[in-house]
Amino acid sequence: MNDFHSLTPSDLTPAQWHPFLVGAVAPRPVAFASTIDAEGRVNLSPFSFFNAFSSNPPILVFSPANRVRDNTQKHTLENVREVPEVVINICDYALVEQMSLASTEYGKGVNEFAKAGLTELASELVRPPRVAEAPAAFECVVEQIIELGQNNGAGNLIICRVVRAHFRQDILLPDATGIDPFKLDAVARLGGDWYCRASGASLFEVPKPNRHIGIGIDQLPEHLRNSEVLTGNELGRLANIERDALPTPAQVEDFKAEPMVAYLLNKYRDDTPELKQQLLQLGRQFLAEGRLVEAWKAFLCD
Ligand SMILES: Cc1cc2nc3c(=O)[nH]c(=O)nc-3n(C[C@H](O)[C@H](O)[C@H](O)COP(=O)(O)O)c2cc1C
């Protein structure tokens, strides 16, 4: 078993606790929030305590915290109290340094669009402008502000309802039914100064289990469930098969007749550890290629 470093947040100062919280709850997407104050002065700041929480109604939530330094409140929070509207812009890799620059603690009334060299684009339904360079932007009305505490570091949930959204044409799927993750090139924040980029080889698919009922790891044959070779990911993928989709004994027999498999069965003969090893490797190869039923056939061969 692994060893753990266990903490009770109330035993630590906010500054001691924060790195564990944001280091482990990671990566977090970034709300690049544009607001205005009662005088119409524009503000733009990033917040990684952010996510989407409802599709219908369409709700985004982000949280400016009371400053740890002096327990004052951020301009973004002051602004949405004065004008309860915000545009949440999405940050891609091309924007990350300018987004970070916009997090500088400039004085009240300083427009971070100018400081960060970004272009204001008029919104359609709300007063704050959006970031022209952002690949996606959500025009929102602020429905509710929930103060989570009064002390330094306390979050303030800004609950936003999306009233209009804009997605750059070049990030859309070919049929315009959604967003192409490879084209979005999203960035997200981890602990410290670390970010990650969701692109290229770092993207992978996990087939959704909600369309069908997989058999579950507890129903795997014992030799697979207790395998010292198969990883948790491999077991999870194997167990995400519906009972009806499991290969029948006849299908396994047909599989044994396929040239590569017949060669292995002939070369290593019945029930030897080498044969088991070869079939295990073959099954893992199929799993890695996303060929779940073929993987099952290999695992059921011996
Ligand atoms: C990527 C990133 C994420 C951030 N996330 C948060 C956050 O979730 N909550 C927060 O209070 N500050 C966060 N900050 C710091 C604020 O952006 C910073 O305090 C900013 O100056 C606030 O601006 P304002 O006072 O104009 O609202 C983040 C900074 C960066 C660079």
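Please read these numbers as outputs of a predicted model, since none were measured by experiment.
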State plainly whether one hydrophobic cluster holds both Leu224 and Leu279, where clusters connect Ile, Leu, Val, Met, Phe, Trp and Tyr through side-chain heavy atoms under 4.5 angstrom apart.
no
Would you mind checking if Glu234 and Arg237 are paired as a salt bridge, meaning a charged N to carboxylate O distance below 4.0 Å?
no
If hydrophobic clusters are built by linking Ile, Leu, Val, Met, Phe, Trp and Tyr wherever their side-chain heavy atoms come under 4.5 Å apart, do Phe32 and Ile171 end up in the same one?
no
So do Phe255 and Glu294 actually touch side chain to side chain, heavy atoms under 4.5 Å?
yes
Regarding Thr104 and Glu112, do their side chains bring together a donor and an acceptor under 3.5 Å, going by distance alone?
no
Any side-chain heavy atom of Val131 within less than 4.5 Å of one from Leu121?
no
Examine the side chains of Gln285 and Glu289 and answer whether a donor and an acceptor come within less than 3.5 Å of each other.
yes
Assigning hydrophobic clusters by single linkage (Ile, Leu, Val, Met, Phe, Trp, Tyr; side-chain heavy-atom cutoff under 4.5 Å), is Leu282 placed with Val252?
no
Any Lys/Arg nitrogen of Arg81 or Glu147 sitting under 4.0 Å from an Asp/Glu carboxylate oxygen of the other?
yes
May I ask you to check whether Asn111 and Glu120 show a side-chain donor-acceptor distance below 3.5 Å?
yes
Plane angle bin for Phe138 and Phe167 - parallel if under 30°, tilted between 30 and 60°, otherwise perpendicular:
perpendicular
Could you tell me whether the side chains of Asn233 and Thr231 share a donor-acceptor contact shorter than 3.5 Å?
no
